[in-house]
Student: 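Got a structure here, written out as structure tokens. Questions coming.
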Amino acid sequence: MTTAAGKFKLIEQFRADGLGLMFGNPGTVEQGFLDAADLDPEFHYILSLQETVAAGVADGYARASGGAALLQLHSGVGLGNGIGMLYQSMRGHTPLVVVAGDAGVRYDAMDAQMAADLVAMAKPVTKYATRVTDPQSLLRTIRRAVKIALTPPRGPVFVQLPMDVLDELNSEPVISAVVPRTDSLPAPSAVGAAVELLADAANPLILVGDGVSLAGAQRELARVAELLGADVWEVDASEVNLPASHPLRRGMTGHMFGEHSAELVAAADAVLIVGTYVFPEVFPSLVSPFKSGAKIVHVDLNTYEIAKNHPVDLGIAADPRATLAAIGGGLALQMPERRRRAAAERLAERTAQRDAEAAAVAAGPGPDAGNLELFLHRLATRTGGDLIVFDEALTNSPLVSKYLPPERPGDYHLTRGGSLGVGLPGAVGAKLARPDRLVVGFAGDGGSMYTYQALWTAVRHGVDAKFVVCNNRKYRLLDDNIDQYWRERGIPAHNFPSSFDLSSPEIDFVGLARSLGAEGTRVEKPAEAAAAADQMLKHSGPFLVDVQI
């Protein structure tokens with residue numbers, strides 16, 4: 001056990017927990033431990049020009065690496081800048097360890113410049129938020145935060161680090177945090193009850209979220225879906241929970257309107273919910289969307305989400321992978337023969353539909369294809385789909401996933417949480433986590449402008465990520481949403497609000513990229529799309545393509 005200033009022991013603790021990269025933007029009250037970090041050759045600081053960007057890069061790194069990421073924000077002002085992105089990480093269960101400094105415990109009574117209750121600020125967007133006030137509890141607190149961040153349901157945590165606490169001598173041992181195993185087996189009686197509720201369903205349905213991906217339960221999910229012949233809809237999902245090519249995968253329920261989700265589940269007489277909450281829409285249904293008498297089984301490690309909004313017949317708090325495997329085994333033994341035949345017929349019907357869709361994509365874009373479709377087709381052809389996609393294309397995401405489908409776990413990350421700006425920094429973080437892979441981040445023109453400085457970070461640190469701006473000169477998602485709002489309330493259609501328009505003045509995305517040290521090109525005509533994809537793939541270093549839509 002060694003004794004040293006807490007700021008030096010803190011860096012050792014971070015490294016012991018596998019947090020050898022720290023994403024952030026520096027500030028005065030953090031200068032002591034940032035100075036200490038600079039003296040450690042095995043610890044690296046990834047600089048961003050604004051805290052929202054740093055938070056987005058950290059989010060992308062954690063998602064692509066499968067582990068935690070370390071984010072440093074500057075006191076209350078920096079935490080304030082990062083809160084929008086931290087909300088996204090909280091909703092998406094990203095394990096971020098967030099730290100921010102303050103001037104010191106001894107100044108608490110002074111209400112001085114930059115004084116703020118950082119813990120209160122952080123609590124709404126984190127699983128756990130605390131402040132270290134005892135110099136001998138610094139490392140213990142960090143280990144606790146790491147454990148909480150990585151224990152399902154995962155999520156961001158926050159630790160406030162006063163400067164004087166970090167300057168005091170610290171004699172705590174540096175040992176790695178212990179993250180508890182949560183791959184728990186369900187009770188046999190619970191499995192039996194689930195099988196009994198599902199086995200005789202005439203029209204079964206499965207709703208899933210990223211709890212499936214985190215558990216590595218894609219294969220087990222596929223088996224249960226095939227046994228039941230059940231369509232699989234993804235609810236709160238941003239990772240690959242079932243390969244896009246699987247015939248029973250139907251897509252996303254959507255995140256805006258509860259009426260849409262209700263239409264998708266209305267006919268089901270048995271519903272299996274796994275690894276998600278129901279439902280995450282902005283305007284959710286206030287009454288149960290499931291039909292009267294439908295049997296509902298909800299499996300999740302997060303007990304808060306089970307029956308949170310709508311009643312279920314059976315809730316099982318257990319590991320999704322083990323639970324799905326056990327349910328699959330029970331269904332294989334107990335499903336009535338007539339239900340097996342019906343399930344096989346439904347699977348065959350969906351397989352034929354999926355084969356037809358795949359043939360249409362393989363035939364290539366039609367004569368009226370636009371710039372983005374031609375660009376995506378070329379990118380898919382050139383890469384064979386062997387790339388990591390960070391998708392914040394929003395209204396253009398269906399086209400992105402058509403040509404670059406979310407097929408393999410770890411190869412596709414979708415934006416989540418509702419805050420804009422994750423696409424560009426997320427791609428930077430993903431490339432840092434997976435330097436051996438081609439990483440392409442897609443963003444809308446509006447979303448990209450929240451965090452465009454991410455290109456500077458990519459250039460500074462030699463991160464060879466690629467970026468695509470889907471440029472329709474507007475906040476197109478708002479156009480679509482207000483159109484729905486008008487229809488629901490019987491308001492005659494009229495011009496969209498001028499605040500949704502981004503066409504004047506026109507944004508020079510390629511010029512902006514070059515001002516930050518990156519290269520780029522613009523696609524204005526269909527004939528330019530293929531060459532732009534080729535140029536992007538050939539270029540060594542960060543490269544941006546502005547695709548006019």
Side-chain angles (χ1 to χ4, degrees), residues 5-11 13-14 19 21-38 43 45-59 68-90 94 96-135 137-139 141-142 144-146 149 155-168 170 419 421 425 450-451 453-454 457:
K7 58 189 178 184
F8 294 105
K9 299 291 289 287
L10 176 66
I11 303 304
Q13 182 63 54
F14 286 149
L19 302 174
L21 293 180
M22 182 160 65
F23 307 93
N25 181 265
T28 305
V29 295
E30 296 88 16
Q31 61 190 0
F33 85 86
L34 293 177
D35 187 33
D38 222 35
F43 190 82
Y45 190 86
I46 306 299
L47 176 62
S48 294
L49 297 178
Q50 204 261 8
E51 287 88 354
T52 305
V53 179
V57 176
D59 183 272
L70 175 61
L71 171 64
Q72 173 263 321
L73 304 176
H74 171 42
S75 194
V77 291
L79 176 58
N81 285 339
I83 277 178
M85 194 64 74
L86 290 180
Y87 178 82
Q88 174 142 257
S89 296
M90 179 195 70
T94 303
L96 298 185
V97 178
V98 186
V99 297
D102 69 52
V105 175
R106 59 180 171 169
Y107 300 116
D108 278 3
M110 303 302 293
D111 191 27
Q113 177 77 356
M114 298 185 70
D117 188 345
L118 274 64
V119 172
M121 290 174 64
K123 276 186 175 179
V125 292
T126 58
K127 282 183 68 181
Y128 170 74
T130 191
R131 185 187 190 215
V132 181
T133 55
D134 176 14
S137 292
L138 172 63
L139 306 192
T141 303
I142 294 296
R144 180 183 303 155
V146 171
V157 296
F158 175 79
V159 182
Q160 184 176 346
L161 302 171
M163 181 180 280
D164 52 6
V165 170
L166 298 185
D167 287 339
E168 290 287 331
N170 180 290
S419 56
Y450 279 60
T451 49
Q453 308 98 311
T457 297

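Not measured: the values here are computed from a predicted model.
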Student: Roughly how far, to the nearest 0.5 Å, is the CG atom of Leu161 from the CG atom of Leu138?
Tutor: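 Nearest 0.5 Å value for the CG-CG distance: 6.5 Å.
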Student: What is the minimum heavy-atom distance between Thr141 and Ser137, and which atoms define it?
Tutor: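 So the two residues come closest at OG1-O, 2.6 Å.
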Student: Which pair of heavy atoms, one from Val57 and one from Ser48, lies closest together, and at what distance?
Tutor: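 Heavy atoms only, the tightest pair is CG2-OG, 4.3 Å.
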Student: Is the OH atom of Tyr107 crowded by more than 12 outside heavy atoms at less than 6.0 Å?
Tutor: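 No, because the 6.0 Å sphere around OH of Tyr107 holds 12 heavy atoms or fewer from other groups.
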Student: I need the Gln13 CD to Ile142 CD1 distance, nearest 0.5 Å.
Tutor: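 Rounded to the nearest 0.5 Å, the CD-CD1 separation comes out at 7.5 Å.
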Student: Rounded at 0.5 Å granularity, tell me how far NZ in Lys127 sits from OG in Ser89.
Tutor: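 That separation rounds to 13.5 Å.
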Student: As an exercise, state the distance from CZ of Phe14 to CG of Leu21, rounded to the nearest 0.5 Å.
Tutor: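 So the CZ of Phe14 and the CG of Leu21 are separated by 12.5 Å.
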Student: Walk me through it: do Val105 and Arg131 pass the test side-chain contact (heavy atoms from CB on, under 4.5 Å)?
Tutor: CA-CA 10 Å; Val105 175; Arg131 185 187 190 215; 4.1 Å; yes
Student: For a quick test of reading the model, state the closest non-hydrogen atom pair linking Gly56 to Pro425 and the distance between them.
Tutor: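 Shortest heavy-atom contact: C-CB, 3.7 Å.
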Student: Keeping Thr52 on the side-chain end and Asn81 on the backbone end, is there a donor-acceptor pair under 3.5 Å?
Tutor: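 Side chain of Thr52 to backbone of Asn81: a pair is present.
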Student: Is there side-chain contact between Val99 and Leu10, with at least one heavy-atom pair below 4.5 Å?
Tutor: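 Val99 vs Leu10: side chains apart.
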Student: Checking side-chain contact (heavy atoms from CB on, under 4.5 Å) against Leu96, which of Leu86, Thr126, Val157 comes through?
Tutor: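 Filter result, single survivor: Leu86.
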Student: Might you point out which heavy atoms bring Asp102 and Val29 nearest each other, and give the distance in Å?
Tutor: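 Shortest heavy-atom separation between Asp102 and Val29 comes out as C-CB, 3.7 Å.
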Student: Sub-3.5 Å donor-acceptor pair from the side chain of Thr451 to the main-chain atoms of Gly421, do we have one?
Tutor: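 It does hold such a pair.
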Student: Can any side-chain N or O of Asp164 pair as donor or acceptor with the backbone N or O of Arg106 at less than 3.5 Å?
Tutor: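 Present.
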Student: Is there a donor-acceptor pair closer than 3.5 Å between any side-chain N or O of Lys7 and the backbone N or O of Ala36?
Tutor: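 No, Lys7 side chain to Ala36 backbone: no donor-acceptor pair under 3.5 Å.
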Student: Side chains of Pro135 and Asp167, heavy atoms from C-beta outward: is any pair under 4.5 Å?
Tutor: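 A side-chain contact under 4.5 Å is absent here.
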Student: Check for a donor-acceptor pair, side chain of Gln72 on one end and backbone N or O of Asn25 on the other, with a separation under 3.5 Å.
Tutor: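 Yes, because the side chain of Gln72 sits within donor-acceptor range (under 3.5 Å) of the backbone of Asn25.
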Student: Which pair of non-hydrogen atoms, one from Asp134 and one from Val132, has the smallest distance, and what is that distance?
Tutor: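 Distance-wise, the nearest heavy atoms are O-CG1, 3.6 Å.
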Student: Heavy atoms only: give me the nearest Ala58-Ala69 pair and the separation to one decimal.
Tutor: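 Smallest interatomic distance, heavy atoms only, reads O-CB, 3.4 Å.
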Student: Counting distance only, does the side-chain N/O of Glu30 pair as donor-acceptor with the main-chain N or O of Gly101 below 3.5 Å?
Tutor: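 A pair under 3.5 Å: yes.
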Student: Exactly one of Leu34, Asp38, Leu70 should register a side-chain contact (heavy atoms from CB on, under 4.5 Å) with Tyr45. Which one does?
Tutor: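 Result: among Leu34, Asp38, Leu70, Leu34 is the only option passing the side-chain contact (heavy atoms from CB on, under 4.5 Å) with Tyr45.
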Student: Determine, step by step, whether Leu118 and Leu73 satisfy the side-chain contact (heavy atoms from CB on, under 4.5 Å) criterion, reporting the C-alpha distance in whole Å, the side-chain angles of both residues, the deciding distance to 0.1 Å, and the verdict.
Tutor: CA-CA 11 Å; Leu118 274 64; Leu73 304 176; over 6 Å; no
Student: Could you grab the distance from atom CG of Asp108 to atom OG1 of Thr133, nearest 0.5 Å is fine?
Tutor: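 With rounding to 0.5 Å, CG (Asp108) is 9.0 Å from OG1 (Thr133).
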Student: Test side-chain contact (heavy atoms from CB on, under 4.5 Å) on Thr457 and Phe23 and set out the steps.
Tutor: CA-CA 10 Å; Thr457 297; Phe23 307 93; over 6 Å; no
